[in-house]
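Sequence positions, counted from 1, serve as the residue numbers for this chain. All heavy atoms count here, side chains included; hydrogens, waters and symmetry mates do not.
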Amino acid sequence: DDTFARSFQAKQIAFQLRRSGKISIADSAWIKKNWYKLGSKEKASLGIFYLSEPIGSNKKLPLLFKPASYIAISDVNILVTGHFRIIWGKNYLDYVDKYSINYALWGDSDKDGVPYFIEKLAGTDPNTPEEPGSVQDFSNGICEYVWQTEVNTLNFSPPPLSDEYYIDIYIANTGVVSPEGGSVTLPDQVNGLTMTYYGSDLPYIIINQDMSLDLLKVTMAHEFFHCIQMSYLPLNQLAEGLNLWLAENSAVWMEDAVYPFVNDYKNFVNQFLSVPWQSLFTDDYVHLYGAAIFLKYITENYADTQGGAAIIRTFWENIARGQKVLDVLDEFFASQNIQPVHSLQAAYTDFVLKNFHLKSFYQDGFIFNEISPVVLSQPEYDPALDNKADLPSPFGSLYFHLTSLTSVYPLLNRLKLDFTGDTRASWKVFLILVEDDGQENIYPLTVDETSVLHFIKKDPLEFEEVYVIVA
C-alpha cells in the first residue's frame with residue numbers, strides 16, 4: 001500500500017545518502033511532499049538532513065527593529081549577514097572531525113566565539129576580536145560574494161521569498177539539532193544540499209563542515225544557484241525529467257563562473273569524458289554534473305556581447321514559461337547567429353568533434369583529461385564483444401584509433417570502412433587522417449537512410465594516424 005511504499009522509499013533515500021553520498025533534487029522533492037505522511041521512524045532517518053521549519057525566526061525586519069546579527073539560541077549560534085543566516089552548533093568542537101586536514105578552519109584565533117570557517121563564510125574578520133554583531137559590511141564573505149555575483153552581476157532572479165526572509169545555511173555535523181530532534185548531519189562525501197521548508201517555497205542550504213576553503217566557495221556557489229533555480233521552477237518541477245539535468249549541470253557551470261580559479265568541477269568533467277558513449281542526457285549522478293562541459297561548449301562558442309551567463313539565464317526563463325529542456329536547447333541553436341550550427345543535433349556533433357582536441361577548444365582545456373579512443377588493431381569491431389566501451393546511447397559517441405593498418409590490407413594499401421548502425425538513430429561518422437606534420441584531414445562520411453556506410457580511402461599509409469569518430 002501507499003504507507004509501505006513511502007516507508008520503503010524513505011529508507012532507500014536514507015541508505016543511499018549514507019552509503020554512497022548520493023541525494024538528488026528529486027529526492028529532496030519527494031521528502032518534502034511526503035513529510036507529514038511518514039511515520040516517526042522514517043522522519044527520524046530523514047530528519048537529520050531535512051528541516052521542515054527554520055530554527056528561530058528567519059524573517060527580515062525593518063532596519064529600526066533588526067536584532068543583533070549574532071544570536072545564540074538553544075543549542076545553536078546564528079550569524080546574520082545581508083541575505084543569510086549562518087547556523088552552527090554551540091558546542092561545535094565536540095562534533096567536528098579533529099583528524100581532518102581541515103580541522104584548523106574550526107579554530108578561533110581572535111577569541112570572538114566565531115570559528116574561522118564561519119568568519120570566512122560570513123565576511124567578518126577572523127583576525128580581529130570584534131563583536132560579530134557590530135559588523136555591518138559582509139561583502140568580503142563567501143555568502144554575500146556569491147549573492148552579489150549570481151544575482152547582481154549575472155542578473156539571475158533572487159531566490160523565492162528572499163525579499164522577506166533570510167536564506168538559512170545550516171552547517172552540518174556541528175551539533176545543530178533540527179526541529180525533528182536529530183543532529184543535522186551529512187556524510188563525508190556530501191558537500192552540500194539544498195531543500196525547501198515544508199509548506200513553503202523558501203529554500204535553505206546545508207553545508208558540510210569538513211572541507212577546504214576553496215571547496216566551501218564552489219559548494220556555496222553551487223547550492224545557492226539551486227536556490228535561484230527555485231525562483232524559476234518550484235522544487236517539485238525542478239526535479240522532473242531533464243529539468244533536473246539542467247539544474248545540476250548549470251549549478252556546476254555556476255561554480256566556475258563565480259570562482260574560475262578553483263576548478264574543482266574538472267573531476268566531474270573528466271568522469272564525463274571517460275565514458276563518451278553514455279548519453280549527454282543520462283541521469284547518472286556524476287554524469288549530470290559532468291555535463292557542465294556541454295554548457296561550457298555553449299557559453300564559450302555561442303555567447304554574444306551579453307556573455308555566456310545570459311544564455312544560461314535565458315534557458316531558465318524559457319523553462320519557467322513552460323518549455324521543455326530539449327525544445328529550449330533546439331530553439332536556441334536554431335535562432336543564434338554566432339556559429340553555423342542551427343539544431344541541437346548539429347551542435348552535439350560539433351561538441352563531439354571539439355572534444356577530440358578539447359585542450360585546444362576550451363578555456364579550461366588544460367585541466368581536462370583527453371578522451372582515450374578505443375584502440376583497434378583488428379579489422380573488425382563489435383561493441384557487444386568488447387569490454388572497452390558500450391554502444392553509444394542517443395547523444396552518445398565513440399572514438400576509435402586504428403592501428404596496425406599494414407597488417408589489415410597490406411597488398412591493397414587502402415582503408416576500407418564498413419559501418420552499420422541502429423536504423424532508429426541518426427548517425428554521424430568522421431574519418432580523421434593525421435599527416436606526419438600533425439595536420440589533420442577530417443572527412444565527414446555519409447551514412448545512408450538504412451544507417452549503413454561503405455567507404456574506401458586509398459593510400460592510408462601516407463598518414464601517421466587514423467581515427468574514426470561515431471556519434
Side-chain angles (χ1 to χ4, degrees), residues 7 10-24 27-28 30-32 34-36 38-58 70-80 84-108 113-119 121-122 143 166-198 200 202-211 215-216 219-220 223:
S7 176
K11 291 175 181 176
Q12 287 293 102
I13 293 173
F15 176 76
Q16 175 179 274
L17 180 66
R18 291 189 180 95
R19 181 171 183 177
S20 61
K22 295 179 181 180
I23 182 169
S24 70
D27 294 326
S28 301
W30 185 91
I31 292 169
K32 178 182 178 179
N34 292 279
W35 185 249
Y36 282 108
L38 297 175
S40 56
K41 289 185 178 180
E42 289 77 25
K43 284 185 178 180
S45 66
L46 299 177
I48 61 172
F49 56 87
Y50 180 70
L51 290 84
S52 59
E53 60 186 51
I55 295 177
S57 174
N58 61 348
Y70 180 60
I71 309 165
I73 60 173
S74 184
D75 294 319
V76 301
N77 295 312
I78 302 175
L79 185 54
V80 183
F84 301 90
R85 292 195 317 157
I86 305 170
I87 304 168
W88 73 102
K90 189 173 292 184
N91 299 314
Y92 59 91
L93 287 177
D94 294 337
Y95 294 87
V96 295
D97 185 359
K98 297 177 176 59
Y99 300 100
S100 168
I101 60 173
N102 301 308
Y103 179 65
L105 296 179
W106 286 92
D108 182 18
V114 182
Y116 188 87
F117 185 99
I118 302 297
E119 299 221 48
L121 197 56
C143 291
Y166 294 105
I167 301 298
D168 288 336
I169 302 173
Y170 297 94
I171 311 301
N173 309 327
T174 61
V176 175
V177 178
S178 76
E180 282 64 45
S183 180
V184 177
T185 305
L186 288 179
D188 292 342
Q189 63 270 44
V190 179
N191 298 323
L193 189 62
T194 299
M195 299 273 203
T196 58
Y197 292 118
Y198 190 85
S200 170
L202 179 66
Y204 65 88
I205 297 169
I206 303 177
I207 287 181
N208 207 322
Q209 56 82 20
D210 188 7
M211 64 178 75
L215 188 54
L216 177 60
T219 298
M220 184 62 197
E223 299 303 332

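- Look at Lys90 and Asp75 and you find no salt bridge, because none of the NZ, NE, NH1 or NH2 atoms lies under 4.0 Å from a carboxylate O.
- Remark: Tyr103 pairs with no residue by the ring pair (Phe, Tyr, Trp, His ring centres under 6.0 Å) rule, at least two apart or across chains.
- Between the side chain of Tyr170 and the backbone N or O of Ile55 there is at least one donor-acceptor pair closer than 3.5 Å.
- Pairing each heavy atom of Glu223 with each of Ile205, the nearest pair is CB-CG2, 3.8 Å.
- Rounding to the nearest 0.5 angstrom, the gap separating the CD1 atom in Ile118 from the SG atom in Cys143 is 9.0 Å.
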Check the pair Val190 / Phe49 against side-chain contact (heavy atoms from CB on, under 4.5 Å), numbers first and verdict last.
CA-CA 11 Å; Val190 179; Phe49 56 87; over 6 Å; no
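- In terms of heavy-atom proximity, Tyr166 sits nearest to Arg85 at CB-CG, 3.6 Å.
- At distances below 3.5 Å, not a single donor-acceptor pair connects side-chain atoms of Ser28 with backbone N or O atoms of Met195.
- Contacts of Ser178 classified as side-chain hydrogen bond (donor to acceptor under 3.5 Å, both in side chains), with partners at least two apart in sequence or in another chain: none.
- Rounded to the nearest 0.5 angstrom, Ile206 CD1 and Thr219 OG1 are separated by 13.5 Å.
- Legend: residues meeting side-chain hydrogen bond (donor to acceptor under 3.5 Å, both in side chains) with Asp108, ordered by chain and number and at least two apart, are absent.
- Side chains of Met220 and Ile169 form a contact here, defined as non-hydrogen atoms less than 4.5 Å apart.
- Atom CD in Gln12 sits 10.5 Å away from atom CG in Asp27 (nearest 0.5 Å).
- Closest approach of Ser183 to Gly175, counting heavy atoms only: OG-CA, 3.8 Å.
- Scanning for side-chain hydrogen bond (donor to acceptor under 3.5 Å, both in side chains) contacts around Lys32 gives Thr196, with sequence neighbours left out.
- The side-chain heavy atoms of Leu202 and Ile167, taken from C-beta on, include a pair separated by under 4.5 Å.
- Counting all heavy atoms, side chain and backbone alike, Ser45 lies closest to Glu42 at OG-O, 2.8 Å.
- The closest side-chain heavy-atom distance from Trp88 to Val114 is below 4.5 Å.
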One pair to check against side-chain contact (heavy atoms from CB on, under 4.5 Å): Tyr50 and Lys43. What are the steps and the verdict?
CA-CA 9 Å; Tyr50 180 70; Lys43 284 185 178 180; over 6 Å; no
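- Looking at Asn77, Ile171, Ile78, Ile207 one by one, the single match for side chain to side chain contact (heavy atoms under 4.5 Å, CB included) with Ile86 turns out to be Ile171.
- Under the rule for a side-chain hydrogen bond (donor to acceptor under 3.5 Å, both in side chains), Thr174 has no partner lying at least two apart in sequence or in another chain.
- The backbone N or O of Val176 sits nowhere less than 3.5 Å from a side-chain atom of Tyr95 that would complete a donor-acceptor pair.
- At distances below 3.5 Å, not a single donor-acceptor pair connects side-chain atoms of Asn208 with backbone N or O atoms of Gln189.
- Residues passing the side chain to side chain contact (heavy atoms under 4.5 Å, CB included) test with Asp97 are Tyr99, Ser100, Gln209, Asp210, sequence neighbours excluded.
- Between the side chains of Asn58 and Tyr204, no donor-acceptor pair is found at a separation under 3.5 Å.
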With side-chain contact (heavy atoms from CB on, under 4.5 Å) as the criterion, how do Phe84 and Leu79 come out once you've worked through the C-alpha distance, each side chain's angles and the decisive distance to 0.1 Å?
CA-CA 8 Å; Phe84 301 90; Leu79 185 54; over 6 Å; no
